Structures are given as C-alpha cells and as structure tokens.
There are 2 protein chains.
Amino acid sequence: MTATASQTSPRKRAGNGAARRIDADEIGLDALIGHAGYAVRRFQIWIFQDFIKTLGDVDIRPTQYSVLTVIGANPGLSQMAVAKRLGIERARLVHLLDSLEQRRLVKRIKSKTDRRSHAMHLTTQGETALAKFKRLAAEHERHVEARIGKANRERLLQILADFT
Amino acid sequence: MTATASQTSPRKRAGNGAARRIDADEIGLDALIGHAGYAVRRFQIWIFQDFIKTLGDVDIRPTQYSVLTVIGANPGLSQMAVAKRLGIERARLVHLLDSLEQRRLVKRIKSKTDRRSHAMHLTTQGETALAKFKRLAAEHERHVEARIGKANRERLLQILADFT
DNA sequence: GGACAATTGTTGTCGTCAACAACAATCTTT
DNA sequence: AAAGATTGTTGTTGACGACAACAATTGTCC
C-alpha cells in the first residue's frame, strides 16, 4: 500500500458484522476533509434548498431566476447568448423558456436581422414579477449571510468571482 | 416599480427584434453578481468536471469517491449511517452500493446484532483501489489550488468547514 | 453567385441526482 | 403482545448536464 496521499488507519472496531452504536457525527470523513469539492457540494445543496424554500411561494427555482435576471438586464438577447452567458446548454434553455413563456413572464420575439434567432424579452408582467423575485432572493441572501457570516460571504464572492 | 433590491436599468438597446452583435462576455449579470449561490453553482460545476476528468481512467465520480472514503475510514458502518453522514438519501445509496459491489470494491455483510442492517466494508481490492483514487483525487485538488490560489482554497475550506 | 461550412433553435435520449412514497423485515417501546 | 420506529429496497417524479441529430438560416470562400 504505497503511502502517497492521506493514510488513515481504520478507526475503532474494524471487525465485522457486529458493532456498537455510532453517534453519526463521530464518523470520520478522512480524505474528504481536504477536498474543496465536497464542501462546496454540501454548501451548494444547502444554499439551493434555502433559495427554493424562500422563493417557494412564487415557485421560482435558481436557474429560472438566473435566466429572468439576465434577460431583464439585457433585453433582446438571443437564446444562444443567454445560454452561453449562464453556462446553460441551449437545449436545456429551450424547456426553461417554454415554461417561463407559458407563465407569461418572458416572450420570444422573432429577430428580423437574423431569422434563425429569437430576441428574448420580459413581459410587463414579467418585469413586476422579477422585482418581487429579487426582493425574495435578497432575503435568501441574508439567510446565507446569517449562516456563514457577513465577512465570509463577501470573501467567498470574491474568491469565486471569475467563475461567474 | 418599488425599488427595494438592486434596481438596474436595462442596458443599451432595449429595443426589440433587431440588435447588434453582443460580445457574449459584456452581458451584465445584474443581481446575480451578489448571489453566493450563483457563484457556488458555477464553481461546483467546474470542480466536478475536473474531478470526473481527473478520475476518468478509473471511472470514479465524486459521490462514489465520498462513499468509498467514508467506508474505508469507518468499516462496519450501516448504509443508514453512511447516508446520513454524507447527506445522501438512503434510497440513492442503494444504487451506489449496488454498483460499487458489482465492481468488487465494497461488500455488504449482514449484521448479526441488527438483522435489518448491513455492515459496509471495503474488499481488499477496494482498499488498494481507494489508495489509487486518493492519489488521483489529490491531483485534482492541486488543479483546484492552481485555479483559485492556495490561500483562497484554504480560506474556502475554512469558511465551509461546518457544512461537511 | 453558388457550394459548403457554421450557427440557431428544437427535439430527443441518456445518466446523475434530490425528493418522496410505499413496502417487508426487523428492532424498540410500552 | 401490540403499536410504533428503523433499515434496506423498489419505484416514481422532476431538475439538470451532456450529447446527438435535424431543419432553417446565415456566413464564408472560391
């Protein structure tokens, strides 16, 4: 067993079948402790759950919110442009927009300069709705701040700034 | 339009259909900039892709790695204990273990003290395999460090420590 | 100007993953 | 012993990322 990375001796009771009750939080994570990806994944799950819960009344999920926000700030974008900017596949964006268009929050307008593409716009209803979504999202963000601390949240945003 | 959260005037060319070419990275994210969840999501996608690529030869995904690591460090755990510790649903863990057991990395041993549960163990083969996975995972972690910087990575781990 | 390559939106498939619900077998409680 | 809780399992649903193929349209190159 070539000892290269984190060698960890199996903890207490490496026996078999039988075992004493384990207090669930005294279970060692071993090498996982040093992996940013693991921590990030757990945090992301928490943060999405809070977002979904906080925006539960208006039934808006994180991805939908990101699409609405970008369209709201950049009216006339093509689907391709939105997809690229948000790192969403254009195939997936189609369904997202279908849903948002059915809810009368967004409309696809056929572009006259490029008849392949659509120009994305918020409806009037979509704009007032987005304003409300933004208030709720800000509330969610305060939950995040309360959870990890104001300074930590800002440092986090700073560290991950160039992934956005 | 009650100005509560981030009011942002639609950028250039709020017109309709026709529009000039947009350079794709000059598209404003508006309120998204201030949301930790968005940055975390984008980062998590990047980090998982790198993990999957780096461990591509051995065909191990992040979740599988986390399961193997925890079982390796805590032999004899029940499926329930593993699931709870990793925040995985026990229903999902069943399939994960089915796969890992078929690959002879893990074995379920019927517990004698509680005949409902199984005691999870790595096979001998599983232990040597895990050692290799850990080396590759460490390599992946160096990619992360190279991407966001050594100090930032450590700060990140520290900030998110209690989500693990 | 006309053939060929690239782009846009769309449809469809596949695999991962979280969230539930239901169930049989087995403890635990009272 | 009866009622309730827990464990592993199966199945369903929906969000999501990754691909592949396609028609319509645009762009390029000779």
Side-chain angles (χ1 to χ4, degrees), chain A residues 17-19 21-22 24 37-38 41-42 44-53 55-56 59-67 76-84 86-101 106 108-120, chain B residues 17-19 21-22 24 37-38 41-42 44-53 55-56 59-67 76-84 86-101 106 108-120:
Chain A
R21 259 277 156 281
I22 296 191
Y38 178 69
R41 168 177 163 263
R42 296 298 299 262
Q44 204 244 347
I45 290 173
W46 180 88
I47 212 169
F48 265 49
Q49 281 173 342
D50 184 87
F51 187 99
I52 293 168
K53 196 190 310 167
L55 299 225
D59 191 31
I60 287 290
R61 314 189 95 258
T63 313
Q64 296 176 312
Y65 178 72
S66 69
V67 170
L77 286 185
S78 69
Q79 296 185 193
M80 198 55 207
V82 173
K84 244 190 261 177
L86 290 176
I88 301 173
E89 273 196 279
R90 66 186 201 279
R92 166 130 189 72
L93 188 60
V94 172
H95 300 300
L96 285 168
L97 289 172
D98 285 349
S99 159
L100 294 174
E101 200 169 30
V106 159
R108 291 185 244 226
I109 299 179
K110 280 182 281 189
S111 168
K112 288 158 188 165
T113 57
D114 186 340
R115 290 168 34 222
R116 291 170 302 182
S117 69
H118 296 157
M120 312 305 308
Chain B
R21 260 279 155 280
I22 296 192
Y38 178 69
R41 168 176 163 265
R42 296 298 298 261
Q44 203 245 346
I45 290 173
W46 180 87
I47 212 169
F48 266 49
Q49 280 173 342
D50 185 86
F51 187 99
I52 292 169
K53 196 191 310 169
L55 300 215
D59 192 30
I60 287 290
R61 315 189 92 258
T63 313
Q64 296 176 312
Y65 177 72
S66 69
V67 170
L77 285 185
S78 70
Q79 297 185 193
M80 197 56 207
V82 173
K84 243 190 260 176
L86 289 176
I88 300 174
E89 272 196 280
R90 67 186 199 280
R92 166 132 188 71
L93 188 60
V94 171
H95 301 299
L96 284 168
L97 288 173
D98 285 348
S99 158
L100 294 174
E101 201 169 30
V106 159
R108 292 185 245 224
I109 299 180
K110 280 182 281 191
S111 168
K112 289 158 189 168
T113 56
D114 185 341
R115 286 164 41 221
R116 292 170 303 182
S117 68
H118 296 156
M120 312 306 307

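Naming convention: chains lettered A, B, ... in sequence-line order (proteins, then strands); numbering from 1 in each chain. These figures come from a predicted structure and were not determined experimentally.
One side chain, Y38(B) or R42(B), offers a donor N or O that lies under 3.5 Å from an acceptor on the other.
Residue-level contact check: I45(A) touches the backbone only, with heavy atoms under 4.0 Å from sugar-phosphate atoms and none from bases. Nucleic acid contact class of Q79(B) (heavy atoms, under 4.0 Å, all strands): sugar-phosphate only.
Between R90(A) and H118(B), it is H118(B) whose nearest contact on DNA chain D lies nearer the 5' terminus.
Using a 4.0 Å cut-off, some side-chain N or O of Q49(B) falls inside it from OP1 or OP2 of dA18(D). Taking 4.0 angstrom as the limit, R115(A) places none of its side-chain polar atoms (N or O) nearer than this to OP1 or OP2 of dA24(D). Note on T63(B): a side-chain N or O is less than 4.0 Å away from OP1 or OP2 of dC17(C). For R108(B), a side-chain nitrogen or oxygen approaches OP1 or OP2 of dT9(D) to under 4.0 Å.
Within the 3.5 Å criterion, the main-chain N or O of R108(A) finds a donor-acceptor partner in the side chain of E101(A). Put simply, the side chain of Q64(B) gets close to the backbone of R61(B): a donor and an acceptor are under 3.5 Å apart.
Between the side chain of R92(A) and the base of dG17(D) there is no donor-acceptor pair of N/O atoms closer than 3.5 Å.
Taking atom CD of E101(B) as the reference point, atom C1' of dT9(D) lies 13 Å away to the nearest angstrom. One interatomic measurement links the two molecules: CG of L97(A) to C1' of dT10(C), which rounds to 12 Å at whole-angstrom precision.
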